[in-house]
There are 2 protein chains.
Amino acid sequence: MSECSNNKKTLMFPKPTLERLKLYLALLLQEEKEYISSDEIAKKLKITPEQVRKDISYLNFVGKPKVGYHIPSLLNELNELFGVDVTDNVIVVGAGGLGTAIAKYKGFKRIGIDIVAIFDNDEDKIGTFVSELVVLPLSELQRVIKRFKVKIAALCVPKESAQEAADLLVKSGIKAIWNFAPAILHVPPGILVENEDITRGILSIKHMLEKNK
Amino acid sequence: MSECSNNKKTLMFPKPTLERLKLYLALLLQEEKEYISSDEIAKKLKITPEQVRKDISYLNFVGKPKVGYHIPSLLNELNELFGVDVTDNVIVVGAGGLGTAIAKYKGFKRIGIDIVAIFDNDEDKIGTFVSELVVLPLSELQRVIKRFKVKIAALCVPKESAQEAADLLVKSGIKAIWNFAPAILHVPPGILVENEDITRGILSIKHMLEKNK
DNA sequence: TAGATTGTTAATCGATTAACAATC
DNA sequence: TAGATTGTTAATCGATTAACAATC
């Protein structure tokens, strides 16, 4: 495991570990107790307790033998790791079904995400409300990004216009694109793209159902 | 790699391979050419051509040296693997923002998913339209599941009612739950749960932005 | 034929698991 | 103290990569 020398005492995590740490974060947000054991985490997430302990050992964090992990402290650690303790202003591009669903979703505040604007280029949508946000034209994009120091955009346009919208976002200073369009985006180096292809989950289900027939 | 003896000549795939095969499927659905090389697939998905060839070699499929893979044939193979060639009737439970977005999404037909009904227990929503579907009360659940031989349900209710809804779905004969609620569901053995936690993607982005600062 | 690309085997790398020591 | 749980090291397992053979 390679170490990432950094001003903080940050370590690099194996990728699977990082994925599981997200699951631990989601799980702990649901817990109301003060302590939790590796065994309990493991049971709920259907993995082994050894793996849980190993994963947590990558964090700058120790548990109490005979008691388990102190949930608030572990949450602090995970929050810091994923930057949940810093709030990012996020914009949504595309006010269709998915875009409005994301703009309305209440669960983001808890993980340090604040949706500050939603955009569309459909005249009929511009000016209408999505929760307490007014749908803005794309001509406002650059101004809003600057004004709210927006680094992240959720891209929720049809796949035909995804690349064009991505280019515009990059030109306007966006650093990361959370891409809900089923399209492969080409972006300059240094720009982060996270593909959120909703069809992947259902493909797993179909594959499993098919296989176990 | 262990072999899965089956009436068909199906093989077991390494889990990471299976995930990448989904990406290949999504990519090929966008291509309009007749052939594609491992090199081109690799470039677009930012992996190595060796890995692409290795992954494809797990399929019952060969490419043409000097030419590449015949896209329609490879698509057939991937469609069969993921059961895309068989259409499944799917119901959506919860007619909030996410539920209606999923019910309206046009991209599912292409992967063998047909949304046949949407349910909610909010009196104000029952009877209203979501695209061409009428929102039905949960009391209709069992009847619809039987009638349309529904095996898969997309669970889009708030996390507080997720477990209750899941219990009802299981009781009504559902075989797989595509869970969009940020909750850990407890289901009997044999019932498949696929968690589609939308917050995971954004956590990756936050983590990367934080780390590269 | 030469060259480009696929296919496969062996070597390497990295992640998981097992065993057990440390600790409260 | 005994027992339960965490933490860590070493062994195992599995996936990726490298090298090269096969093929058109």
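Naming: A, B, ... by sequence-line order, numbering from 1 per chain. This is a predicted model, so every value here is computed, not measured.
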* To do: Take atom CG of A/L59 and atom C1' of D/dT6, then tell me their distance rounded to the nearest Å.
  => 14 Å
* To do: Give A/K64 one of three labels, base, sugar-phosphate or nothing, depending on what nucleic acid heavy atoms sit under 4.0 Å from its own.
  => sugar-phosphate
* Structure fact -> Atom NZ of B/K15 and atom C1' of C/dG14 are separated, to the nearest Å, by 16 Å
* Under-4.0 Å side-chain N/O to phosphate OP1/OP2 contact, A/S57 with D/dG7 -> no
* Would you mind reading off the distance between A/I41 atom CD1 and D/dG7 atom P, rounded to a whole angstrom? => 11 Å
* To do: Provide, to the nearest angstrom, the distance between the NE2 atom belonging to B/H70 and the C1' atom belonging to C/dT5.
  => 17 Å
* Which base, if any, makes a Watson-Crick or G-U wobble pair with D/dG14, both distances under 3.5 Å? -> C/dC13
* From the options C/dA4, C/dT8, D/dA15, select the nucleotide whose nearest atom is closest to the side chain of B/P16. => D/dA15
* Nearest-nucleotide 5' precedence on DNA chain D, A/K66 against A/F61 -> A/K66
* Between A/E40 (CD) and D/dT6 (C1'), how many Å, whole number? -> 15 Å
* **Which nucleotide in C/dG7, C/dT17, D/dT16 has an atom nearest any side-chain atom of B/V62** => C/dG7
* Answer yes or no: is there a side-chain heavy-atom contact under 4.5 Å between B/L155 and B/W178? => no
* Taking the nucleotide of DNA chain C with the closest heavy atom to each, which residue, A/V67 or A/T17, is nearer the 5' end? -> A/T17
* Taking C-beta and beyond as the side chain, do B/I36 and B/L28 meet within less than 4.5 Å on heavy atoms? -> yes
* A/P65 or A/K54, whichever maps to the more 5' nucleotide of DNA chain D -> A/P65
* To do: For atom NZ of B/K171, decide whether the heavy atoms of other residues, nucleotides or ligands shown that lie under 6.0 angstrom number more than 12.
  => no
* To do: Compare the minimum distances between each of C/dT6, C/dT16, D/dT5 and the side chain of A/S37, then state the nucleotide with the smallest one.
  => D/dT5
* Relative to each other, are the rings of B/Y35 and B/H70 parallel, tilted or perpendicular (30° and 60° limits)? -> tilted
* If we only count heavy atoms from C-beta on, is the B/D114 to B/D88 side-chain gap below 4.5 Å? -> no
* **Opposite nucleotide pairing with C/dA22, Watson-Crick or G-U, both atom distances under 3.5 Å** => D/dT5
* **Which nucleotide in D/dA2, C/dT6, D/dT16 has an atom nearest any side-chain atom of B/R20** => D/dT16
* Rounded to whole angstroms, how far apart are CZ on B/R53 and P on C/dT9? -> 14 Å
* Rounded to the nearest angstrom, tell me the gap between atom CD in B/E50 and atom C1' in D/dA15. => 14 Å
* Asked: Which one, D/dT17, C/dT17, D/dT6, comes nearest to the side chain of A/Y69?
  -> D/dT6
* **Euclidean distance, atom OH of residue A/Y35 to atom C1' of D/dT6 [Å, nearest integer]** => 13 Å
